[in-house]
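Shown next, in structure tokens, is the structure this report addresses.
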Amino acid sequence: MPAKKGSAGSNGSNDTAGAGGNRLVIVESPAKAKTIAGYLGRGYVVESSIGHIRDLPTKAAEIPARYKEESWARLGVNVDHDFEPLYVVNTDKKSHVKKLKDLMAQADELYLATDEDREGEAIAWHLREELKPKIPVKRMVFNEITKDAIQHAASNTRELNLRLVDAQETRRILDRLYGYEVSPVLWKKVMPKLSAGRVQSVATRLVVERERERMAFTAAEYWGLKAVFDALIGSSPDTPSSFPAALVAVDGARVAQGRDFTSDGVLRAPEGLLHLDEEAARALAARLDGADFAVQSVERKPYRRSPYAPFRTTTLQQEASRKLGLSAKQTMQVAQKLYENGYITYMRTDSTTLSASAVAAARDQAARLYGSSYVPDKPRVYASKVKNAQEAHEAIRPAGDSFRTPAETGLRGAEFRLYELIWKRTVASQMKDAVGESVTVRVAGVSSTGERAEFNATGKIITFHGFLKAYVEGSDDPQAELDDRERRLPPVDEGDALKAESLEAEGHSTRPPARYTEASLVKELEEREIGRPSTYASIIGTILDRGYVFKKGSALVPSFLAFAVVQLLERHFGNLVDYDFTAHMEDRLDDIARGDAERVPWLRRFYYGGDGEAGLKELVGDQLGEIDPKEISSFPLPGTDIMVRVGRYGPYLDREGQRVNVPEDLAPDELTKDKAEELFAQPSGDRELGTDPATGRAVVAKNGRFGPYVTEILEEPEAPAATDAKPKTRTKKAAAVKPRTGSLLKSMSLDTVTLEDALKLLSLPRVVGEIDGDEVTAQNGRFGPYLKKGTDSRSLETEEQMFTVTLDEAKEIFAKPKQRGRRAAAPPLRELGEDPETGSPMVIKEGRFGPYVTDGQSNASLRKGDEVESITVERAAELLAERRAKAPVKKAPAKKPAAKKPAAKKAPAKKTTKKT
DNA sequence: CAGTGAGCGAGCTTCCGCTTGACTT
């Protein structure tokens, strides 16, 4: 499938659909458009939609003005009227949609050739809705991109399948309701900007559940014997003389191994099992020292292994991770490049099917490289293992009707290695099975006290390598035996005497289940039918971005934040994070696609409830009060009176009010009782800076609620003798002598702050002098540096001024009224001229929340995509108009906040109470 | 998780699934 030049087909190939008219064909991907243009030739113009062209509005700014006041506008779904969706053309697609319209204006027929799956059908429908064609519209589908298949598809079109579109729309609406209703619950109860969704929340839950298993896990220790036996035949490269073997039984009782233990560290079924501890194992080894050993039995079984199916998205991500160390995202980026440049087929697929020409190419390549004896008589066919596979694409394979070897591509770096991986896997998939023999040798000996000890050794001889010549799959577990690796044993027979070269005790302990990696999590999701090939990489990205998981090497470790979020969802939205939720959804969508069910009753049940079960609306509305933020963010540390809490500033430990931070990168399963004590013992990362020579007190730097600061350590008022003393007395005493504190200046940092800096900070407030009988001091406050004179104050411009400002300067500053200092100091960033609507001049200013436009009356923040430098008069006027529409009266709302001032001040504190 | 005094434009965060290119330094 070499890329052809230009997007409009002009190659002189057969024109199957007849001469004359112009046909516009729209596919999803630009790369595909290029190829297909070449196959269709004259009379066809092939363009791409570049994925979906319309969607529900993402944020307020995208909601058309006439809907903004609707109660459901925030959702983009009219939940009051049959869940009717509101579609807008995505901002970044507007110009492209116009281009498609222009092309359509010159066409006589429109072919909607998007992928043949649920999403593809929907894209086709959206195209029809948005382009509003007045020319005939045909739906064209194909599963294979070859000239024959494409030409056949062009002359065998069908109608749009509106039921399939209905199913897609239902999926879309459900995901929106889930995501946009549940996320705000997290903002209120846990932390702003968090998110929940059908896929990401289950992915997070999987990672959290695995960590819980690890935390609940109790390791069991067990011992065995490892021996190396010598067959006394002399060794050659092909036939070793000695081989390793492990103790499996003593006097008929099987020796316990890792798999015999439960996750609680106890034996599953102790009868007939021998659990060796270190002492017993060493003693047995001693009693076997010098014993005679002989081969008790030799068991041979045929070994046969078939090649792996060609790559689909998830298997490619897994293997690229194991073998090339690429993340899911990196893999997809590299694959995208290979696809765009015509080296491989499409990389977001759940199909393992190869086209006939690809099968032929793979067989041909295998025969040329390894000989025809390596190629089976009949092509291999791979049925998809993925249950809800939509199979709109082929497997991922080298492009074209004959494959380029990696060397022939001229590729380099990651692109070369990924291509090579895909090429090998594809070629191997059409090769013969590997065959051989697996051998189990059992060796027995009698100890000095008459025990009969039996050892096992296993080997594998591959007599015909078949596909293994081309490709061996990697393993996630480095300890695991590679299934395909050859391991030879000496050619021994029953009764042969053996000499023990070495025999020693070996200790093991059971291991907790391994953490997920990106690749294994994606695999798990795919097996549970959650998520789609185009989203696997971004799901990982989302849960990383939200801080739900972090990476430790390649392992995905859940944060305590994830524990809190998952705990909330499990307790209050159990159905939504059920692992089968998506599977049930898919069943309903299939019903809808077949015409066996309607979407509205189903969505209504989901959103409004029924049959005695609460719907989503009630759960996020009336029942919201039942969610206790404190409880949801608290986890008792087993066996202690310590609580792990997730706060706004990260996780911390709480023991009767004593608090200490938990390092952000501490894995939850590493937070043991001992570790917690250790954290309490070295309080909160304080850094001792030295002693204040004036007071003899220690000065430390700490990180506090308001950022880094320095403080002094006061002597303990009393020895801890009076344990009965009421806290009140202590508070009183502490109130009498408060330690001096001071926030670090912006130029300082916690790591580098010196004693000298600290003493300077602790010297504040500085008395500047006296004005009109009032003492003037310079100090650092909540809003930065300022001067204080009685009840009056003025901000200072720089922190340095706190130490340098003179009395004369202070007089000057106090002579000016309060507000002006700030307001006049900020000149407009840009002047825009008159608002065409109101005639008042508009200027752009920099404010607390970033740049905004003001006409003196209304103010409106610039939105995403608006730039101070480039914003137009029209856009600014539009923003102001929007702002005016929202808050038309100026006085009433201005008064309210004023009256609420005390409440507003409490707001931050209130938030904290909610949380803590 | 330290503790101190203003007066000011609020507005937005978020879902899943399709698919790339557009900016500037």
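Every chain is numbered from 1, with letters handed out A, B, ... down the list of sequences. Since this is a predicted model, take the numbers as computed values, not measurements.
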Pair assignment for DNA chain B - dot-bracket with | for other-strand partners, Watson-Crick or G-U under 3.5 Å: .........................
Any side-chain to backbone donor/acceptor pair from A/R766 onto A/M802? Under 3.5 Å, distance only. yes
A/P184 near the nucleic acid: base, sugar-phosphate alone, or nothing, with a heavy-atom cut-off under 4.0 Å? base
Below 4.0 Å: OP1/OP2 of B/dT19 and any side-chain N or O of A/R348: yes
Under 4.0 angstrom, heavy atoms only, what part of the nucleic acid is A/T854 near: base, sugar-phosphate, or nothing? nothing
Less than 4.0 angstrom from a charged side-chain N to a carboxylate O is my criterion; do A/R176 and A/E169 meet it? no
Closest approach to the side chain of A/Y709, judged atom by atom: which nucleotide of B/dC16, B/dC15, B/dA2 is it? B/dA2
Between the side chains of A/S633 and A/R645, is a donor N or O closer than 3.5 angstrom to an acceptor N or O? no
Can you measure A/K32 atom NZ to B/dT20 atom C1' for me and round it to whole angstrom units? 14 Å
Students often get this wrong, so: under 4.0 angstrom with heavy atoms, is A/K193 touching a base, only sugar-phosphate, or nothing? base
Please determine whether a side-chain nitrogen or oxygen atom of A/R118 lies at a distance below 4.0 Å from atom OP1 or OP2 of B/dC16. no
Is the distance from OP1 or OP2 of B/dG17 to the nearest side-chain N or O of A/Q168 less than 4.0 Å? no
If you compare every side-chain N and O of A/T711 against the phosphate oxygens of B/dA2 (OP1, OP2), does one of them come in below 4.0 Å? no
Using distance alone, with no hydrogens and no angle criterion, decide if A/Q200 and A/T542 have a side-chain donor and acceptor under 3.5 Å apart. no
According to a strict under-4.0 Å criterion, is A/K788 in side-chain N/O contact with OP1 or OP2 of B/dG5? yes
Atom NZ of A/K789 and atom P of B/dA6 are separated, to the nearest Å, by 14 Å
Determine the contact category for A/R176: base if any of its heavy atoms lies under 4.0 Å from a base atom, sugar-phosphate if only primed atoms, P, OP1 or OP2 are that close, otherwise nothing. base
Hey, does A/S195 reach any base, or is it just sugar-phosphate, or nothing, if we go heavy atoms under 4.0 Å? sugar-phosphate
To the nearest 0.5 angstrom, please state how far the OH atom of A/Y607 sits from the CG atom of A/L174. 12.0 Å
Quick check on B/dG9: syn or anti? Syn means the glycosidic torsion is within 90 degrees of zero. syn
Looking across every strand, which nucleic acid part, if any, lies under 4.0 Å from A/T114 by heavy atom: base, sugar-phosphate, or nothing? nothing
With respect to the phosphate group of B/dC1, does any side-chain polar atom (N or O) of A/R659 fall under 4.0 Å of OP1 or OP2? yes
Can a donor-acceptor pair be found, under 3.5 Å and without considering hydrogens, that links the side chain of A/S183 to the backbone of A/A196? yes
Once you apply a heavy-atom cut-off of 4.0 Å, does A/Q779 come out as touching a base, just sugar-phosphate, or nothing? nothing
Atom-to-atom span, CG of A/N341 to P of B/dG21 - whole angstrom: 11 Å
Base, sugar-phosphate alone, or nothing: which one does A/L194 contact when heavy atoms must sit under 4.0 Å apart? sugar-phosphate
With the side chain defined as heavy atoms from C-beta on, A/Q200 is closest, among B/dT20, B/dC15, B/dA2, to B/dC15
Mind checking side-chain contact (heavy atoms from CB on, under 4.5 Å) for A/T741 and listing every partner two or more places apart, or none if nothing turns up? A/Y709, A/T711
Using a 4.0 Å heavy-atom cut-off, does A/Y180 contact any base of the nucleic acid, only the sugar-phosphate backbone, or nothing at all? base
Please confirm whether the shortest side-chain N or O distance from A/R198 to OP1 or OP2 of B/dG17 is below 4.0 Å. yes
Contact class for A/G197 vs. all strands (heavy atom < 4.0 Å): base, sugar-phosphate, or nothing? sugar-phosphate
Polar side-chain atom of A/Q779 near backbone of A/K788 as donor-acceptor pair, under 3.5 Å: no
Hey, is A/E119 close enough to A/R532 for a salt bridge, meaning N to O under 4.0 Å? no
Listed nucleotide nearest any side-chain atom of A/V199, set B/dC18, B/dT13, B/dC16: B/dC16
Atom CD1 of A/I530 to atom C1' of B/dG17: distance rounded to whole Å? 15 Å
Categorize A/S743 for me: base, sugar-phosphate, or nothing, with a 4.0 angstrom heavy-atom threshold over every strand shown. base
